[in-house]
Amino acid sequence: GIFCENGVGSNGATGRGEASLHACAAYEVVRSMERGLEPIEACKAALRLIDQTTRQPRLRNDGKPAFNVTLYALRSDGLIDSAPMHHGYTFIAQRDTTTTLELAASLFPKS
């Protein structure tokens with residue numbers, strides 16, 4: 001899913017689309033940034049919502065979602081960040097003329 005709001009920013013998601021859509025994750029991230037959360041915190045808040053709304057036992061493993069969703073947020077001032085459900089995901093960030101590969105801060109850190 002994706003959601004954009006002029007003057008606030010945008011969010012996109014990859015991974016289990018049904019989980020993102022069920023929680024309206026992209027919308028939640030943008031609304032959270034509008035309320036003042038940093039992009040990383042807005043992404044993690046939406047991931048917590050996905051975790052809370054995933055109730056089917058077949059979709060859970062060791063008390064956590066057994067799938068991944070990664071959220072990518074861009075705030076209107078250019079601040080970007082990303083957060084996956086589980087540890088080990090990276091994203092490419094372009095800031096001015098500099099491109100970097102960054103480790104995304106996950107909701108569930110490496111155990």
Side-chain angles (χ1 to χ4, degrees):
I2 187 168
F3 185 80
C4 302
E5 178 71 37
N6 279 341
V8 178
S10 65
N11 180 260
T14 62
R16 185 171 170 76
E18 297 91 332
S20 294
L21 292 172
H22 186 253
C24 298
Y27 176 83
E28 288 294 328
V29 170
V30 174
R31 294 285 74 98
S32 292
M33 289 191 300
E34 185 176 45
R35 289 190 301 272
L37 287 183
E38 296 293 315
I40 187 64
E41 293 307 319
C43 288
K44 286 184 174 183
L47 290 172
R48 281 190 289 277
L49 183 59
I50 292 171
D51 177 37
Q52 293 166 3
T53 59
T54 301
R55 295 185 181 107
Q56 295 179 350
R58 69 181 181 83
L59 296 176
R60 298 196 67 83
N61 186 20
D62 294 328
K64 302 172 190 167
F67 56 84
N68 190 57
V69 170
T70 302
L71 300 173
Y72 303 90
L74 170 63
R75 200 167 62 189
S76 62
D77 65 2
L79 185 60
I80 60 174
D81 220 320
S82 176
M85 185 76 65
H86 301 287
H87 176 78
Y89 290 81
T90 57
F91 68 102
I92 295 175
Q94 177 76 38
R95 294 178 180 92
D96 297 318
T97 60
T98 304
T99 304
T100 58
L101 178 65
E102 301 180 20
L103 180 63
S106 60
L107 180 63
F108 298 112
K110 186 176 180 179
S111 12

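When reading the values below, keep in mind they use all heavy atoms of this one structure, side chains included, and skip hydrogens, waters and symmetry mates.
- Proximity of a side-chain donor or acceptor of S76 to a complementary backbone N or O of G7 within less than 3.5 Å is detected.
- Heavy-atom neighbours of D77 CG from other residues, nucleotides or ligands within 6.0 Å: above the threshold of 12.
- Side-chain heavy atoms closer than 4.5 Å link hydrophobic residues (I, L, V, M, F, W, Y) into clusters, and following such links, even through other members, never connects L49 to I40.
- Residues A73 and V29 come closest through the heavy atom pair CB-CG1, 3.9 Å.
- Across every non-hydrogen atom of C43 and N11, the tightest pair is SG-ND2, 4.0 Å.
- What you find for R60 and G63 is that their closest heavy atoms are NH2-O, 2.5 Å.
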Give the intermediate values and the outcome of salt bridge (charged side-chain N to carboxylate O under 4.0 Å, His left out) for residues E28 and R31. CA-CA 5 Å; E28 288 294 328; R31 294 285 74 98; over 6 Å; no
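- In this structure, E41 and R48 approach most closely via the heavy-atom pair O-NH2, 4.4 Å.
- The cluster map of Ile, Leu, Val, Met, Phe, Trp and Tyr, joined by side-chain heavy atoms under 4.5 Å apart, puts L107 and Y27 in the same cluster.
- Atom CD1 of I50 and atom CD of E18 lie 11.5 Å apart (nearest 0.5 Å).
- Between the R95 side chain and the L79 main chain, no donor and acceptor come within less than 3.5 Å of each other.
- When atom types are taken as modelled, the side chain of S82 and the backbone of L71 share a donor-acceptor pair closer than 3.5 angstrom.
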For residues 85-93, which side-chain donor-acceptor pairs fall under 3.5 Å, sequence neighbours excluded?
{"residue": "H86", "atom": "NE2", "partner": "P65", "partner atom": "O", "Å": "2.9"}
{"residue": "H86", "atom": "NE2", "partner": "F67", "partner atom": "O", "Å": "3.0"}

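- For Q94, the side chain to side chain donor-acceptor pair (under 3.5 Å) test picks out T99, with sequence neighbours left out.
- Separation of atoms OH (Y72) and OG1 (T14) is listed at 4.0 Å; rounding is to 0.5 Å.
- The hydrophobic clustering, which links ILVMFWY residues whose side-chain heavy atoms are closer than 4.5 Å, places L74 and I2 apart.
- For the pair P84 and A105, the tightest heavy-atom approach, listed with the atom from each and the gap, is CD-O, 3.6 Å.
- In this structure, CD in E102 is found 3.5 Å from OG1 in T100, a value given to the nearest 0.5 Å.
- Between D81 and E38, every side-chain heavy-atom pair lies at or beyond the 4.5 Å cut-off.
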Residue pair R16, T54: steps toward the side chain to side chain contact (heavy atoms under 4.5 Å, CB included) verdict: CA-CA 11 Å; R16 185 171 170 76; T54 301; over 6 Å; no
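- The minimum heavy-atom distance between R75 and L37, with the atom names listed, is NH1-O, 4.4 Å.
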